[in-house]
Amino acid sequence: MKKRFNVLVTRRLHRSALDELVKKCNVSLHTGKIPIPKKNLINKIKDVDGVICHPYDTIDKEVISNAKNLKAISTFSVGFDHIDINFAKSKKIKIGYTPEVLTNATAELTIGLILDVLRRISEGDRIIRNKKWNQIFGAYDYTGTEVAGKTIGIIGMGRIGKEVAKKATGLGMNVIYHNRRPVSKNTENMLKTKYVSENILYEKSDVISLHLPYNKDTHHLINSKKFKKMKETSFLINTSRGKIVNEKQLITALKKKQIQGAGMDVYESEPIKKDSSLLKLENVVLAPHVGSSTNETRQKMSDITVRNLVLALEGKKLLYSV
Ligand code: DGY
């Protein structure tokens, strides 16, 4: 009889995906407090062969060291900054993740935030709900910024950056980008985009959109020095990871009108702190980390997360391996 693997799942996945997992594994599903408290995680991961984790589960050295049988980690995310990848690899643990399927969803949300903050949609929603829409707006009142004809500067031209470039072109925006290395000329032509230095990007962009992984090199990449280089009329959009932006300095830049506004899906602390100054700023649109949150994408993420784990445990090639 084939060996059944023991696996830990740190929170609920789609039923169909869990059913697949149960066919091959003994599943321990955490249903309590989210994210699973570290003490419980350490306790539950001790004897399992594999774990399905989520971006808010910190799989660090301490956790991995406690997991003596662990052969595979499968994360329900494209980001893997919550996992100590080098340490896991040194223990020969395979790591799966879910890129590609969330590219469109995240790019859509990015475009949504751009339209929202430039055209002041959520701000208007607040005005109406707070019963403050007292007069019909005239020529100068409640004007936003037109999106078409503006320049978007994309930092990080990976899968999501490219999809944002495509969609932004469709809105009539000019697209420039900065990346560790320029993409091929073919891709640049196809996306109608041009590589520029980081400084030129800050200088020229009306909208700056971040599409980078979080690591020690991108920690607080966007800080007060960078805000000083941006146009006073520019907007910052972040759908990547919160810690790429120094949030305190962003708040200062917004208050001092060094930039005009921001659209954010990610924060230095999530859920966002209840007393965050961001909540008091009208020129900021805030989404609760929902870049990949569509029914379509989340179902695919569940399926891939399970497939990755089972393939890894069976010693086969993962669909997507870090
Ligand atoms: C990811 O997949 O990394 C997203 O940020 C998700 O939650």
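Start at 1 with the first residue, then count along the sequence. All ligand and atom numbering here is 1-based and tracks the order in the structure.
- Residues with a heavy atom under 4.0 Å from ligand 1: Pro55, Ser77, Val78, Gly79, Leu102, Arg241, His289, Ser292.
- By the 6.0 Å contact criterion, NZ on Lys24 is open, its count of non-hydrogen atoms from other residues, nucleotides or ligands being 12 or less.
- Among pairs with a residue in residues 278-306, those fulfilling salt bridge (charged side-chain N to carboxylate O under 4.0 Å, His left out) read Arg126-Glu282, at least two apart in sequence or across chains.
- Under the side-chain hydrogen bond (donor to acceptor under 3.5 Å, both in side chains) rule, Tyr177 has a single partner from Glu188, Lys162, Lys194, His211, which is Glu188.
- A donor-acceptor contact under 3.5 angstrom links the side chains of Asn26 and Asn6, judged on distance only.
- Between the side chains of Asn174 and Lys150, no donor N or O sits under 3.5 Å from an acceptor N or O.
- Heavy-atom contacts from other residues, nucleotides or ligands closer than 6.0 Å to NZ of Lys243 number 12 or fewer.
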